[in-house]
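Structure, as structure tokens:
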Amino acid sequence: MASPESKKYDHKAIEAKWQKHWQEKGIYKTEDNSQKPKQFILDMFPYPSGEGLHVGHPRGYIATDVYSRKKRMEGFNVLHPMGWDAFGLPAENFAIKNKVHPSVAVNRNIARFKEQLSIIGPDYDWSREINTTDPAFYKWTQWVFLQLYKKGLAYESNEPVNWCPTDKTVLANEDVEPDGTCERCGTKVEKRPMRQWVLKITDYADRLLADLDKLPKWPEGVKEAQRHWIGRKEGIVISHAVENKDIVLDTFSAYPAWLFADTYIVIAPEHPLVEKLVAGTEYEKDVLSFAEEVKGTSEIERGAANKEKKGVFTGSYAIDPINKNSKMPIWVANFAMMGFGTGIIRCSSHDIRDYQFAQKYNIPLKEVVDRIDETQPIDAHLNQGVLKDSGIFSGQEITDELITKMVEHFISEGYGKKSKNYRIKDWVFSRQRYWGEPIPIIHCEKCEVVPVPEKDLPVLLPEVENYEPTGTGESPLASIDSWVNTTCPTCGGSAKRETNTMPQWAGSSWYYLRYIDPKNDQALIDVKKEKEWMPVDVYVGGDHATRHLIYARFWHKFLFDIGAVSTEEPFPRLEFLGFILAEDGRKMSKRWGNIVNPDDVVRQFGADAFRLYEMFIGPFESTVPWNTNGLVGTYRLIEKVWNLSQKEFSTKENTLLHKAIKKVSEDIENFKFNTAVSSLMIFVNEAQKEGIAKEDYKILLKILAPFAPHITEELWSSLGESESIHLSSWPKYDESKIIDETITIGVQVNGKLRGELTVAKDTPKEILEEMAKAIPKIQEYINNKKINKIIVVPGRIVNIVVEG
RNA sequence: GCCCGAGUGAUGGAAUGGUAGACAUAGGGGACUUAAAAUCCCCAGGCAGUAAUGCCGUGCGAGUUCGAGUCUCGCCUCGGGCACCA
């Protein structure tokens, strides 16, 4: 462009101008009833905290923005929405402190987040913005709960939960520090049984596990974490009669080959059979006081692996059907957990923990595989060795076949049955807090539990004077008589509303569907629209490998089962992003005073340089430290592109252009944004030296546009284009222009590089061999030596293998 | 303890089994400038050498291969997840 006087690049003016323009023209609006193919590109939506964003947060948002802009240019109808996961404890704490409604803080935080996001120029269609705390949204969260209830997948139970005596509230496991104290006040957390609503996620455990294999585009690490979280283990349950008592003890064993070694039994202190075992015996007092002591400690504290193993003998013996009805002493011990297996363990010398416990209390032991190390028995987890003292199996080596045979034998003898155990437990789905979705249930004296009729949804969260927890274990909602007291929808009699609310994870378990059909008041989602948009094409986020991604998969499968959605998995492609650390290598945190604010960076370098740097900083999935200095590099790139427009265009064809198109296209597709940016740099450096033709410059602007939407739009329009560059078409590369006419290949002797050859691209093998041998330096190395062979890899290398 | 990742210049990083260090930052030198900034050009893995060049070099040790940052086995370190798991 031959501009009479050169203009300076003013990022502030340019960015403000185009951001306003895009919003006014609505160029990013998702089309209704489009003929184009769809792309649903989704970010894990944020919790709008009071702290605002730091430079680590936008990394994922910029990535989806780059991706969706490219997809739009490629001719897709793009759905790239944003919303807010706004229920949760911080807003409630703010309300308690300041005596204002949590929505006040939430709305302020959302405004702040939106402002911070907007200055980096995202292509969100804000007309589809969602907010989990909006009654029009949580109406459908409550609706899903009702469907779960109808199918028997939501039930009441008296789960022991984490209770903080100072804050007088229930805490989620994630609110408890590893040392068993409350993260807010440092008080030791207790376990208390309390009425809770629970979702039967265990009914879906097998499908959640098996269907991970249908997700090839998920990172292996995330799938592995989910497999562990579900923690399915197969084994055998053995039933034991208790001597002189009408009690049967069931134990779960995952290593059936070692069952002959077991000599004693341990039962969890909170197991309901403990009292029955010791009732009226001389052991009763000791056992019960020990059980009380253990029950007083939280699960997390008890779970600490270094916790001392303690136990008390119950005075009873179990009859072991496997070892000729020998007697196994029954102990109560702190290392047996109700949450695993049956809460009762068959113990043996072949487990380090069981072995040490037996040594401490002088319980007789037996070994079924000879020791190798004299100091300790073989560990059963190895599952190898030759059995002894194992009845008819003595003398046999432990193999998969033998294990199968042994299990069949135990079952046919009637000792027990095959069984599965899961680490995942049913999902405790109620919180005694204010700021969450009310659980849509009514408790009637006559009809007992009655679901709120769907026509009465949403059950609105009422205004309340005091957000302080009540101390009774009920949510602050319980103190609002006018809300709590209602009539039973079934019999019309007096009834009370459920005052528990849902956990933070509820809204995020289905929110993505709401973007498709954000205004629907008649159904969770319109069936036709759902079919049009689902599944999500790319889901991008980090930090939620297990909980959110398992809960959402669970709800989605349930919605599939009731016909609300057409796909079994919501997110077939997951791109997991790495964190950005502070410049000092630590996590960005108020505590360390090392937070870098994106607003400041954008003010100094502009949104385009910021976006480019966030993509250039390192591989998308890697955790990398921030370095504000690095912005200089991407700022220079932009400036070079700007300056190209201030000079005369050349008429020459640029040799690297088509390579750049190919590289940028493929790298964006594969989320390799860092190398996409570097190939843009390589091309711009060349263009700066060699000059660039106007048409090539326009192509450069197009492939840079997803990364730097503002400056490219400005330059595009200054070239006389009237339509937005972001609605232009993505360039295609010409394969013939990617192949170099002459190439330089390395010449090795015995694998060591000794020279190079610059030749025409299709030079035949034989000629390459001759040319390589003719290089004077190569001759020094092959002189007087026998050439064993010459390896020629076309376009790559010539390797001459000589003797000696 | 178990399960995933990852270890490459001063730094972030690049590299379908085929010329290791692309690209970028910081650094050194130079041009321009009254000067500085900005910009542009050049240098830059280590050791030896004036140089040509040689040797070494992708956490450590073996192996496969004509050839290994890349594949295999055994370790070490760091990051993340799970953990009295029966």
Side-chain angles (χ1 to χ4, degrees), chain A residues 219-229 231 233 235 251-255 258 262 265-266 268 299 302-309 333-337 339-348 350-354 356-357 379-381 421-423 542-543 545-546 576 578-579 581 583 612-613 616-619 621-634 636-637 639-640 643 672 674-685 688-689 744-757 777 788-802:
Chain A
E220 201 47 52
V222 174
K223 286 194 277 186
E224 206 49 36
Q226 295 210 355
R227 288 189 189 105
H228 283 182
W229 187 268
K233 247 185 196 163
T251 61
F252 175 79
S253 297
Y255 299 88
W258 305 76
D262 298 331
I265 279 185
V266 157
E299 199 169 287
R302 220 174 119 194
N306 52 5
K307 179 83 181 170
E308 195 195 348
K309 276 113 196 116
N334 61 353
F335 65 83
M337 314 292 269
F340 191 89
T342 60
I344 309 172
I345 316 172
R346 277 175 70 99
C347 295
S348 83
H350 293 291
D351 177 286
I352 296 164
R353 180 198 60 203
D354 298 353
Q356 288 169 350
F357 184 82
D379 188 344
H381 297 93
N421 186 66
Y422 297 89
R423 202 196 77 92
D543 202 22
T546 47
F576 215 61
F579 295 110
L581 302 171
E583 305 210 18
L612 277 160
Y613 181 63
F616 185 59
I617 190 167
E621 68 285 357
S622 300
T623 295
V624 284
W626 179 261
N627 178 8
T628 300
N629 263 336
L631 263 298
V632 174
T634 53
R636 281 179 188 153
L637 170 68
E639 229 179 14
K640 286 174 190 173
N643 291 337
K672 292 174 141 194
N674 56 330
T675 47
V677 174
S678 87
S679 67
L680 284 165
M681 287 171 167
I682 291 168
F683 176 66
V684 169
N685 286 344
Q688 189 178 239
K689 271 185 209 158
T744 303
I745 63 174
V747 180
Q748 299 178 329
V749 178
N750 287 351
K752 277 190 195 275
L753 187 73
R754 298 298 180 188
E756 52 185 35
L757 277 175
K777 222 179 100 187
N788 285 342
K789 60 174 155 177
I790 301 178
I791 287 138
V792 180
V793 182
R796 295 283 180 193
I797 204 134
V798 177
N799 187 12
I800 304 169
V801 185
V802 297

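These numbers were taken from a predicted model, which means no experiment stands behind them. Chain letters run A, B, ... following the sequence lines, proteins first and then strands; every chain starts at 1.
For A/W626 and B/G12, the CH2 to P distance is 16 Å, given to the nearest whole Å. For the pair A/I352 CD1 and B/C84 P, the computed distance is 15 Å after rounding to whole Å.
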For nucleotides 2-4 of chain B, give me every protein contact, N/O to N/O, under 3.5 Å, one pair per line with atom names.
none

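B/G9 shows a glycosidic angle within 90° of 0 and is accordingly assigned syn.
Residue A/Q688 is classed as a sugar-phosphate contact, given heavy-atom separations below 4.0 Å to backbone atoms only. Within 4.0 Å of A/K777, counting heavy atoms only, lie sugar-phosphate atoms of the nucleic acid but no base atom.
Note on A/H381: every side-chain N or O is 4.0 Å or more away from OP1 and OP2 of B/C85. Distances shown here put a side-chain N or O of A/K752 below 4.0 Å from the OP1 or OP2 atom of B/C56.
Residues that satisfy the salt bridge (charged side-chain N to carboxylate O under 4.0 Å, His left out) test with A/K223, not counting sequence neighbours, are A/E220. Here A/F683 pairs with nothing under the ring-ring contact (aromatic ring centres under 6.0 Å, His included) rule; sequence neighbours left out. Among residues two or more places apart in sequence or in another chain, the ring-ring contact (aromatic ring centres under 6.0 Å, His included) test is passed with A/Y255 by A/H381.
For A/K689, the side-chain atoms get nearest to B/C41 when compared with the rest of B/A86, B/C66, B/C41.
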For this session: Would you give a per-nucleotide map of nucleotides 14-32 of chain B, 5' to 3', where B means the base has a protein non-hydrogen atom under 4.0 Å away, S means only the sugar-phosphate does, and - means neither?
Result: S-B-BB--BBSS-------
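The residues A/R636 and A/E639 are annotated as not salt-bridged, no charged nitrogen and carboxylate oxygen being separated by less than 4.0 angstrom.
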For this session: Represent RNA chain B in dot-bracket notation, 5' to 3'. Only Watson-Crick or G-U wobble pairs with both distances under 3.5 Å count; pseudoknot-style crossings use [ ] and interstrand partners use |.
Result: (((((((..(((.....[....))).(((((.......))))).((((....))))..(((((..]....))))))))))))....
